[in-house]
There are 2 protein chains.
Amino acid sequence: MSENKKRVLIVEDDKEIRNSFVVIVNSSSQFNVVNGYSSCEEAIKHLNADKPDIVLMDIELPGGMNGIKGAKIIKDKWPTADIIMVTVYEDSDLVFEALKSGASGYITKSANYRELLSALEEISKGGAPMSSKIARMVIDNFHVNPNSPLTKRETEILQLISEGKTYTQISEQLFISKETSKTHIKNIYAKLQVNCKSEAIAKANSEKLI
Amino acid sequence: MSENKKRVLIVEDDKEIRNSFVVIVNSSSQFNVVNGYSSCEEAIKHLNADKPDIVLMDIELPGGMNGIKGAKIIKDKWPTADIIMVTVYEDSDLVFEALKSGASGYITKSANYRELLSALEEISKGGAPMSSKIARMVIDNFHVNPNSPLTKRETEILQLISEGKTYTQISEQLFISKETSKTHIKNIYAKLQVNCKSEAIAKANSEKLI
DNA sequence: GTCAGTTACCCAACATTGGGGTATTCGTTC
DNA sequence: GAACGAATACCCCAATGTTGGGTAACTGAC
């Protein structure tokens, strides 16, 4: 039944790759290519007609809009679509930018027949297809820094700062004097090489200290 | 060659499960169980002797230390070990706490022979074994909120706040007056229902606004 | 017994922030 | 063309935070 097939949209500027994706996807009984475009702008224009369940999105696109920006807009205009990024790179910044933009999967252009279809199947059943390397990158990104320069108490106070607590509130909550909070915070600033609360929070987030 | 087998350590209080894990792991030519303990404390005591490459760690352990705390300590004392969490729950908070603690994989106790061995293989080759559901949870955690109440400019300013910039620095960087920065920040506070910078950053992080 | 961590206090000048306003300009949308 | 959201800009004032020095006692781990 064509009606029960998942509607796949392909955004890829290389005609050969796009065509080979079309052939592979259409070869499955579960999926059906509803359209293929060479730019995000085109794809976005026809979203309401194409009604995609899954979007295979090239990251490196010529012209105005790359796949990351495109994914954001598609997610905004058609939130039910699951987006799989297709790229030649597994560069860490690019991967995280892609994931932030709303992609739920990440495969490389070198993906063969089986890999492409299994990514589609994986995302259909609510998973998040990605390579081993990317899975590990993503997981590593969660790990809190085991080499934090901060003491336990300092980490605790940093946590309270991140909740917007003032010196006074911190001292009340931890049953210590206001001056002690100040001492701790001064020490935190020195260790993190920052000089205000919000910067400390930013640093703590980027270095995974809390 | 036993010397080339990856050294697997098992921490699991249920003797039956532990034994069945031992049998499965030892049935592989790639892996070898070096020891099995019913508590983290025991496992930690013998780390230097066991020298594990991979730790299969139960989260729900009786007594003083659960698997999350245990993972932290093991990662601290024996950083080269890759930790796979074994649990009955796929609850979101628990998963994220486990990942923060240093685990690189997450499987359920219902894992069968094949699933257990493939998790070990996956982690051996630098991947991060996890179920479809957890992979998606993890990926979803990266997505920035598409329904942010903040305008583009407000988001931009929030970003600068998270870098520790003062009103003055923000106004200089954006070529606007100090008072305008203040106005934007006041509006941000109102929208996020906070009343200071650090709290705004904490909220922005938890709601994925930046 | 030493050392790190936590606690606590002092002073004082200076900068920043938060909370309350008001108001203009510029697009977009209705 | 009116209404609206967004961005811009200004005013005042009290409260809070930061800088930049310090000193010192207690505790628990190694």
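Hydrogens, waters and symmetry mates are skipped; everything else that's a heavy atom, side chains included, is used. Sequence lines set the chain letters: A, B, ... in the order given, protein chains first and strands last, and positions in each chain run from 1.
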Query raised in the report: Does Lys208(A) pair with Asp140(A) as a salt bridge, N-O distance under 4.0 Å?
Result: no
Report task. Select one nucleotide: of dG18(C), dA7(D), dT6(C), the one nearest the side-chain heavy atoms of His184(A). Result -> dT6(C)
Query raised in the report: Among the nucleotides dT8(D), dG5(C), dG17(D), which one has an atom lying closest to any side-chain atom of Thr151(A)?
Result: dG5(C)
**Report entry** Integer-rounded Å distance: dA6(D) P and Ile188(B) CD1
**Finding:** 13 Å
Query raised in the report: Could you state the CD-C1' distance from Glu172(B) to dT16(C), rounded to the nearest angstrom?
Result: 14 Å
Query raised in the report: Looking at dC9(C), does its base get a donor-acceptor pair with the side chain of Ser177(A) below 3.5 Å?
Result: no
Query raised in the report: Rounded to the Å, how far apart are Gln173(A) CD and dT7(C) P?
Result: 13 Å
Query raised in the report: Between Lys191(B) (side chain) and Pro149(B) (backbone), is there a donor-acceptor pair under 3.5 Å?
Result: yes
Report task. Would you indicate, yes or no, if dT19(D) has its OP1 or OP2 atom less than 4.0 angstrom from a side-chain nitrogen or oxygen of Asn195(A)? Result -> yes
Query raised in the report: Charged N to carboxylate O under 4.0 angstrom, Lys109(A) versus Glu12(A)?
Result: yes
**Report entry** dT8(D) phosphate, OP1 or OP2, under 4.0 Å from Arg153(B) side-chain N/O
**Finding:** yes
Requested in this report: Can you tell me the distance, in whole Å, between the CG atom of Leu160(A) and the P atom of dG17(D)?
Outcome: 13 Å
Query raised in the report: Hey, which of these two, Glu179(A) or Lys152(A), hits DNA chain C nearer its 5' end, going by closest nucleotide?
Result: Lys152(A)
Query raised in the report: Taking atom P of dC12(D) as reference, at what distance in whole Å does atom NZ of Lys186(B) sit?
Result: 13 Å
Requested in this report: Look at the side-chain N and O atoms of Thr180(A) and state whether any lies under 4.0 Å from the OP1 or OP2 oxygen of dT7(C).
Outcome: no
Report summary line: Separation of dG20(C) atom P from Ile185(B) atom CD1, nearest Å, is 16 Å
Query - Residue whose closest nucleotide on DNA chain D lies nearer the 5' end, Lys191(B) versus Thr166(A) - result: Lys191(B)
Query raised in the report: Can a side chain N or O of Tyr189(B) be found less than 4.0 Å away from OP1 or OP2 on dG19(C)?
Result: no
Query raised in the report: Charged N to carboxylate O under 4.0 angstrom, Lys45(A) versus Asp50(A)?
Result: no
Query raised in the report: Between atom NZ in Lys165(B) and atom P in dT16(C), what is the gap in whole Å?
Result: 14 Å
Report summary line: In whole angstroms, the gap separating P of dA8(C) from CG of Leu174(A) amounts to 10 Å
Query raised in the report: Could a donor-acceptor pair under 3.5 angstrom be found where the side chain of Lys182(B) meets the base of dG19(C)?
Result: yes
Requested in this report: If the plane angle is over 60° it's perpendicular, under 30° parallel, otherwise tilted; pick one for Phe96(B) and Phe142(A).
Outcome: parallel
Query raised in the report: dT16(C), dT18(D), dG20(D): which one has an atom nearest the side-chain heavy atoms of Lys197(A)?
Result: dT18(D)
Query raised in the report: How would you label the contact of Thr183(A) with the nucleic acid (heavy atoms, under 4.0 Å): base, sugar-phosphate, or nothing?
Result: base
